[in-house]
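This report concerns only the one structure given below.
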Protein chains: 2
Amino acid sequence: MGEHMQIGEAAARTGLSLRTIRYYEEVGLVKPTARSQGGFRLYTEADLARLELIKRMKPLGFPLEEMRELLELLHPEAESAVPLSEVQRGRLVAFSEAAERRCRELKADLATAEALAATLRERLGAGSTAT
Amino acid sequence: MGEHMQIGEAAARTGLSLRTIRYYEEVGLVKPTARSQGGFRLYTEADLARLELIKRMKPLGFPLEEMRELLELLHPEAESAVPLSEVQRGRLVAFSEAAERRCRELKADLATAEALAATLRERLGAGSTAT
DNA sequence: AAGGAATCTTACCTTAACGTAAACGAAAGG
DNA sequence: CCTTTCGTTTACGTTAAGGTAAGATTCCTT
């Protein structure tokens, strides 16, 4: 019945540091499902999945504060049947657009980086095999 | 014969701020070719090109300090006939490898970002067209 | 019961790459 | 000459996302 894991294992499995996990809780990103009698954080697999999702979201470049908001839109605390208010949908649209913009930015950055990397390789290829 | 431009024009043409250009000088990235009698920075087209190169290099994610070193390897101050010392070549190889690593990282980030962006789009597509 | 390993909270520290403000000098046009 | 406009130096401020340290507790195993 060991459904819960402590922060150490959560860190090991996600590749995040203890500090990072605690910090994510501090800013409201991931609250451990339970605490032990003595106050140790206890994470479930679902919590783990959330931590991993946050880690995957990093490339989007959103500040943690916005990530928190986005996660709330995606996984409402209350399993409400209410789909999404108009305002919430608007926020989601904004996030979606920001994500697309970020993708385009990443694409441009990649192209630029590859061009420069190619230049460097060339430079090296042309290098003299001196004594 | 106005071969030189002041910092304002350099900023306007590169899209960099005055502060940024001065800061780049401070850390040894770009020194203006000349100064006016009164001390105004005067940039040539070559200086401009250097500023633009630096701007393009941003996606490589190198700290400015390393950029400085890389630029020195690529555009040696003294137009020396000496190609490159072994040590210098080694540094260049390291830079090249770092650039390739960065490219792979950007590619991975892009893939991750695109997957998430797709997820967000889906979420929106599924949204109810409520009253 | 003991004791090492894991965790807790609190709180100060770090860092790069600029932003911003102040007070003052230069350049250029009328 | 005068006055805008542009530029100069100096120096302090900013910011997110943790790192790191200290001292106290809890957990687990023996």
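Remember, predicted model here, so these are calculated numbers, not experimental data. In what follows, every heavy atom counts, from backbone to side chain, and hydrogens, waters and symmetry copies are set aside. Quick note on labels: first sequence line is chain A, next is B, and so on, each numbered from 1.
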With sequence neighbours left out, what residues match B:R22 under salt bridge (charged side-chain N to carboxylate O under 4.0 Å, His left out)?
none

Looking at residues at least two apart in the chain, or sitting in another chain, which of them share a side-chain hydrogen bond (donor to acceptor under 3.5 Å, both in side chains) with [X]?
X      : value
B:E105 : B:R102
B:R35  : B:E25
B:E97  : none

Listed by chain and number, what are the side-chain contact (heavy atoms from CB on, under 4.5 Å) partners of [X], not counting sequence neighbours?
X     : result
A:R91 : A:E69, A:L73, A:A94, A:F95
A:E26 : A:R19, A:Y23
B:T20 : B:L16, B:S17, B:Y24
A:A12 : none

Nucleotide N/O of nucleotides 20-26 of chain D paired with protein N/O under 3.5 Å:
| from | atom 1 | to | atom 2 | distance (Å) |
| --- | --- | --- | --- | --- |
| D:dT20 | O4 | A:R19 | NE | 3.1 |

Contacts table for residues 112-119 of chain A: side-chain donor-acceptor under 3.5 angstrom, sequence neighbours left out:
| from | atom 1 | to | atom 2 | distance (Å) |
| --- | --- | --- | --- | --- |
| A:T112 | OG1 | A:A108 | O | 3.0 |
| A:E114 | OE2 | B:K107 | NZ | 3.4 |
| A:T119 | OG1 | A:A115 | O | 3.0 |

Give me the residues of residues 20-31 of chain A where at least one heavy atom lies under 4.0 Å from an atom of DNA chain D, by number, or none.
A:T20, A:Y23, A:Y24

Leading and trailing nucleotides of DNA chain C with any atom under 4.0 Å from heavy atoms of chain A:
C:dA6 to C:dA11

Using a strict cut-off of less than 4.0 Å between a Lys/Arg side-chain nitrogen and an Asp/Glu carboxylate oxygen, indicate whether B:E65 and B:R68 qualify as a salt bridge.
yes

